[in-house]
Amino acid sequence: MSSPTKETLLVYNMQNTSKGKLLKLICMQLGIRVRVVEKEEFLQPIGYLAGLKGVEPSEERFDGEGFDDEMLILSGFTSNRMDLLFGMFRRQKMERIALKAVVTEHNWSWDSSRLHDELRQEHAYMQQNRGN
């Protein structure tokens with residue numbers, strides 16, 4: 001797996017929403033590539049969707065229910081650029097997106113459904129333990 005040539009934001013379940021339009025506008029201003037992931041692509045490796053060199057597509061097409069949660073996956077970002085992006089979200093008063101991840105050496109081969117399930121578990125754990 002090698003790094004993408006450009007920052008890429010994989011976007012799930014925000015098509016045709018005001019939040020999705022604002023997100024695309026912010027990314028356009030920052031020169032970030034936005035890739036809307038359709039349900040049919042949920043079995044594709046995250047690395048392939050993010051444009052990582054050497055990651056091959058899956059032959060399978062997803063035809064299940066999938067998930068409706070909004071989700072963002074960031075690829076090729078430095079921590080400063082992530083801070084800038086999320087700062088712009090806050091300044092534009094964009095509603096929070098709970099499920100977010102960064103493409104890593106551990107998850108680049110996962111499909112969207114697996115990463116979604118992992119993020120949901122982590123989010124639920126964090127919510128449950130927030131008051132402790």
Undergrad: Please list, chain by chain and in numerical order, all residues satisfying side-chain contact (heavy atoms from CB on, under 4.5 Å) with Lys24, sequence neighbours excluded.
TA: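 Here the qualifying residues are Val34, Val36.
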Undergrad: Which ring-ring contact (aromatic ring centres under 6.0 Å, His included) pairs, counting each pair once, include a residue from residues 43-66, with sequence neighbours left out?
TA: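 Sorted result for residues 43-66: Phe42-Phe62.
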Undergrad: I'd like to check the side chain to side chain donor-acceptor pair (under 3.5 Å) partners of Asn13; sequence neighbours left out, ordered by chain and number.
TA: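 Applying side chain to side chain donor-acceptor pair (under 3.5 Å) to Asn13 gives none.
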Undergrad: Look up atom CD in Glu41 and atom CD in Glu60, then write down how far apart they are to the nearest 0.5 Å.
TA: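 Spacing of CD (Glu41) from CD (Glu60) equals 14.0 Å.
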Undergrad: To check you understand the geometry: which heavy-atom pair defines the closest contact between Pro45 and Ser58, and what is its length?
TA: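 Looks like CD-N, 3.9 Å.
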Undergrad: Tell me which pairs pass salt bridge (Lys or Arg N to Asp or Glu O under 4.0 Å) where either residue lies in residues 78-88, with sequence neighbours left out.
TA: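 As it turns out, the salt bridge (Lys or Arg N to Asp or Glu O under 4.0 Å) pairs with a partner in residues 78-88, which skip direct neighbours, are Glu7-Arg81.
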Undergrad: For the residue pair Val55 and Gly47, what are the closest heavy atoms and their distance?
TA: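 Reported closest heavy-atom pair: CG1-C, 3.8 Å.
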Undergrad: Treating Ile, Leu, Val, Met, Phe, Trp and Tyr as nodes and any side-chain heavy-atom pair under 4.5 angstrom as an edge, say whether Leu30 and Ile73 lie in one connected cluster.
TA: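 No.
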Undergrad: With Asp68, which residues qualify under side chain to side chain donor-acceptor pair (under 3.5 Å), at least two apart?
TA: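 So Asp68 forms a side chain to side chain donor-acceptor pair (under 3.5 Å) with Lys39.
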Undergrad: Going by heavy atoms in the side chains, are Leu23 and Phe89 under 4.5 Å from each other?
TA: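 Side-chain contact under 4.5 Å: yes.
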Undergrad: Crowded around Arg61 CZ? As in, over 12 foreign heavy atoms under 6.0 Å?
TA: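 Atom CZ in Arg61 is not packed in, count stays at 12 or less.
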Undergrad: Checking Glu65 now: which residues fulfil side-chain contact (heavy atoms from CB on, under 4.5 Å) with it, not counting sequence neighbours?
TA: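 Once residues adjacent in sequence are excluded, Glu65 has no partner under the side-chain contact (heavy atoms from CB on, under 4.5 Å) criterion.
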Undergrad: Do Leu74 and Leu85 touch side chain to side chain, with heavy atoms closer than 4.5 Å?
TA: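 Leu74 vs Leu85: side chains touch.
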Undergrad: Starting from the C-alpha separation in whole Å, work towards a yes-or-no answer on side-chain contact (heavy atoms from CB on, under 4.5 Å) for Val11 and Leu72.
TA: CA-CA 5 Å; Val11 179; Leu72 295 180; 3.9 Å; yes
Undergrad: I want to check something: taking the side chain as every heavy atom from C-beta on, are Leu52 and Ser75 in contact at a cut-off of under 4.5 Å?
TA: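 Sidechains of Ser75 and Leu52: in contact.
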Undergrad: Tell me, please, which residues at least two apart from Lys19 pass side chain to side chain donor-acceptor pair (under 3.5 Å).
TA: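 For Lys19 the side chain to side chain donor-acceptor pair (under 3.5 Å) partners, ignoring immediate neighbours, are Glu70.
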Undergrad: Cut-off 3.5 Å, no hydrogens considered: what does the side-chain donor-acceptor table look like for residues 93-101, sequence neighbours left out?
TA:
from: Lys100; atom 1: NZ; to: Ile97; atom 2: O; distance (Å): 2.4

Undergrad: Roughly how far apart are Glu122 CD and Leu115 CG, rounded to 0.5 Å?
TA: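 Glu122 atom CD to Leu115 atom CG measures 8.5 Å (nearest 0.5 Å).
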Undergrad: Tell me which pairs pass side-chain hydrogen bond (donor to acceptor under 3.5 Å, both in side chains) where either residue lies in residues 109-118, with sequence neighbours left out.
TA: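 Output for this query lists Tyr12-Ser112, Asp69-His116.
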Undergrad: List in chain and number order the residues that pass side-chain contact (heavy atoms from CB on, under 4.5 Å) with Gln29, two or more places apart in sequence or in another chain; answer none if no residue qualifies.
TA: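 Counting only residues at least two positions away or on another chain, Gln29 forms a side-chain contact (heavy atoms from CB on, under 4.5 Å) with Leu25, Met88.
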Undergrad: On a heavy-atom basis, which atom in Ala50 and which in Thr8 lie closest, and how many Å separate them?
TA: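 Looks like O-OG1, 3.6 Å.
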Undergrad: How long is the gap from CZ on Phe77 to CG on Leu9, to the nearest 0.5 Å?
TA: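 Nearest 0.5 Å value for the CZ-CG distance: 5.5 Å.
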